[in-house]
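Before any comments, here is the structure.
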Amino acid sequence: MTIDRTYIGISMGAVLPLLTSLLFYKYGYGGDFDYFDFLSGMMRIRGTAMLIAVCCLPNLALFSVFVNIEKLKISRGIFLSTLVYAFAIIVLKFII
């Protein structure tokens, strides 16, 4: 039985940028302050959109892997969740 479902791709594409931001915080800023302080600092300097954009880059690699192994529904889900993140970037960058 093969697992090729869109909702799996959506959840993978939504969670991977969150994990990437946690890794970025841990290895980039070391433990000087709390993760939520890190996020509020990013909001204060208006860098949240850039943080989200950088954290969505691993979705590109994940999307490419699932396209190459022909799991197209999972790829579609990853693409959809990346579009949601892109919409959030546009809102943060240009509207707010």
Side-chain angles (χ1 to χ4, degrees):
M1 180 173 138
T2 61
I3 298 174
D4 191 16
R5 303 277 188 249
T6 304
Y7 67 87
I8 293 172
I10 290 172
S11 60
M12 291 170 75
V15 170
L16 187 61
L18 296 175
L19 292 176
T20 305
S21 72
L22 285 171
L23 290 173
F24 185 70
Y25 160 72
K26 182 175 180 177
Y27 293 109
Y29 289 95
D32 295 337
F33 42 88
D34 191 359
Y35 177 71
F36 294 107
D37 293 335
F38 166 71
L39 290 179
S40 66
M42 291 301 280
M43 286 183 204
R44 211 174 14 254
I45 64 169
R46 300 182 68 89
T48 311
M50 184 61 72
L51 177 68
I52 294 171
V54 168
C55 290
C56 282
L57 288 177
N59 274 0
L60 178 64
L62 192 65
F63 175 79
S64 177
V65 166
F66 282 108
V67 165
N68 285 332
I69 62 173
E70 296 180 2
K71 301 291 185 187
L72 299 180
K73 289 182 182 177
I74 292 177
S75 300
R76 182 184 310 147
I78 294 168
F79 180 73
L80 289 173
S81 64
T82 305
L83 283 180
V84 170
Y85 278 115
F87 180 73
I89 291 168
I90 290 170
V91 167
L92 288 171
K93 189 73 175 174
F94 298 112
I95 297 176
I96 295 179

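Values below: all heavy atoms of this structure, side chains included; hydrogens, waters and symmetry mates excluded. Nothing fancy with the numbering, it's 1 onward along the sequence. Computed from a predicted structure; not experimentally measured.
Under the 4.5 Å side-chain heavy-atom criterion for Ile, Leu, Val, Met, Phe, Trp and Tyr, Leu83 and Ile8 are members of the same hydrophobic cluster. Note: the hydrophobic cluster containing Val15 does not contain Val84 (ILVMFWY, side chain heavy atoms under 4.5 Å, direct or indirect links).
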All N/O donor-acceptor pairs, side-chain side in residues 38-47, below 3.5 Å, sequence neighbours left out:
unit_1: Ser40; atom_1: OG; unit_2: Phe36; atom_2: O; d: 3.3
unit_1: Ser40; atom_1: OG; unit_2: Asp37; atom_2: O; d: 3.0
unit_1: Arg46; atom_1: NH2; unit_2: Ile96; atom_2: O; d: 2.6

Show the atom names and distances, to 0.1 Å, of all donor-acceptor pairs under 3.5 Å that link a side chain in residues 59-79 to residues at least two apart or in another chain.
unit_1: Asn59; atom_1: ND2; unit_2: Gly13; atom_2: O; d: 3.0
unit_1: Asn59; atom_1: ND2; unit_2: Thr82; atom_2: OG1; d: 3.1
unit_1: Asn68; atom_1: ND2; unit_2: Ser64; atom_2: O; d: 3.2
unit_1: Ser75; atom_1: OG; unit_2: Val67; atom_2: N; d: 3.2
unit_1: Ser75; atom_1: OG; unit_2: Lys71; atom_2: O; d: 3.0

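Interatomic distance, CD1 of Ile95 versus CZ of Phe87, reported as 6.5 Å (0.5 Å rounding).
Among residues two or more places apart in sequence or in another chain, the side chain to side chain contact (heavy atoms under 4.5 Å, CB included) test is passed with Cys56 by Pro17, Ile52, Tyr85. With sequence neighbours excluded, the residues forming a side chain to side chain donor-acceptor pair (under 3.5 Å) with Tyr35 are Ser21, listed by chain and number.
Chaining together hydrophobic side chains whose heavy atoms lie under 4.5 Å apart places Leu23 alongside Tyr27. Ile90 belongs to a hydrophobic cluster with Phe94, counting contacts under 4.5 Å between side-chain heavy atoms of Ile, Leu, Val, Met, Phe, Trp and Tyr, direct or through other members.
When every heavy atom of Asp34 is checked against every heavy atom of Tyr25, the shortest pair comes out as C-OH, 3.4 Å.
Screening residues 87-96 for side chain to side chain donor-acceptor pair (under 3.5 Å) gives no qualifying pairs among residues at least two apart or on separate chains.
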